[in-house]
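Heads up: the structure comes next, in structure tokens.
Residue numbers begin at 1 in each chain, while the letters A, B, ... track the order of the sequences.
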2 protein chains.
Amino acid sequence: MEARRDVFQAIADPTRRAIIGLIAAQPVNVNAIAEQFDVSRQAISLHLKVLAECGLLNITQQGRERICEARLDKLNEVHEWVAQYHKMWTGRLNALKSLVEEEEKEATSSPKKSKHIHK
Amino acid sequence: MEARRDVFQAIADPTRRAIIGLIAAQPVNVNAIAEQFDVSRQAISLHLKVLAECGLLNITQQGRERICEARLDKLNEVHEWVAQYHKMWTGRLNALKSLVEEEEKEATSSPKKSKHIHK
DNA sequence: ATAATATGCAATCATTTGCTTGCAAATATA
DNA sequence: TATATTTGCAAGCAAATGATTGCATATTAT
């Protein structure tokens, strides 16, 4: 039931990402959030629960309202995971760029070998 | 069945993230990947399919083998999504820091108007 | 040609998801 | 106090997910 509940899982759902976008700037109460979506209030409530369970959301009771505040810093895990690869792929692009430039120079002097493409 | 298939969904699964980590450095064939995990080859095959469907993976047939190559640049969507919030949460920390510093200065000098921070 | 290897595909299954509706509890307002 | 508002909780459901097993197919090695 409440098995896997990590940040990656939480942001996998587009509605939940939208919720984060909605409350990133400032805290909003549950109903106000729900009004922004087509699904039922309960559906949103469940999404909020998921977000809260992985720390992306802070819920504070205020009278009969519950104010949801984003804890964006909890996205750090995702940020770091992607960042390591970001380094790799940008680095790789640079390497490719230099390779192409190198090839262009060679193009005027020596012939190139063609690659096989197996289907 | 094959409904939502985006990058966020793809990296939500820890096994799939592990697969990406495994082939990020260099291309690996399907069985070699499967051997690294406890689940069946077919389970991995399915994960690879998911990764391939959202472009995170490139599969090239080579004889009877299929070589899986990571397309890390496809993580850019995630990178950008997180980056916008990364700015906010680090910016927020900085804002808090400058606010504190500002307060400290004000304690001794004349009051000043605080800056607005627009995104 | 035959056997071994690398994989995909299909059927099946237990869980997990994402939603919905209805009902209950707490708090604010008239 | 009676009523409206804001939410949570529980039951029920269809679809998606992740995994398994068995069988088929293509390619390579003997």
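With rounding to whole Å, A:Arg17 atom CZ is found 15 Å from C:dG18 atom C1'. Across the protein-nucleic acid pair, B:Asp13 atom CG and D:dA19 atom C1' stand 11 Å apart, rounded to whole Å. C:dA26 atom P lies 18 Å from atom CD1 of A:Ile59, rounded to whole Å. Rounded to whole angstrom, the span from the CD atom of B:Glu65 across to the P atom of C:dA4 amounts to 18 Å. For B:Ile67 and C:dG8, the CD1 to P distance is 11 Å, given to the nearest whole Å.
Residue A:Gln62 has no polar side-chain atom (N or O) positioned under 4.0 Å from OP1 or OP2 of D:dT6. Phosphate contact (OP1/OP2 of C:dG8, side-chain N/O of B:Arg66, threshold under 4.0 Å): present. Residue B:Asn31 places at least one side-chain N or O under 4.0 Å from the OP1 or OP2 atom of C:dT7. Proximity of A:Ser45 to the phosphate of D:dT7: no side-chain N or O atom is located under 4.0 Å from OP1 or OP2. Side-chain nitrogen and oxygen atoms of B:Asn29 include at least one within less than 4.0 Å of the OP1 or OP2 phosphate oxygen of C:dT7. A close approach under 4.0 Å does not occur between any side-chain nitrogen or oxygen of B:His47 and OP1 or OP2 of D:dT17.
The distance from the CD1 atom of A:Ile11 to the CD1 atom of A:Ile20 is 7.0 Å, given to the nearest 0.5 Å.
Remark on DNA chain D: of its neighbouring residues A:Arg64 and A:Leu48, the 5'-side contact belongs to A:Arg64, judged by nearest-heavy-atom nucleotide. In terms of position on DNA chain D, the residue among B:Arg41 and B:Ile44 whose nearest nucleotide sits closer to the 5' end is B:Ile44.
Among the heavy atoms of the strands lying under 4.0 Å from A:Gln42 is at least one base atom, whether or not backbone atoms are also near.
The backbone N or O of A:Gln9 lies less than 3.5 Å from a partner atom in the side chain of A:Asp6, making a donor-acceptor pair.
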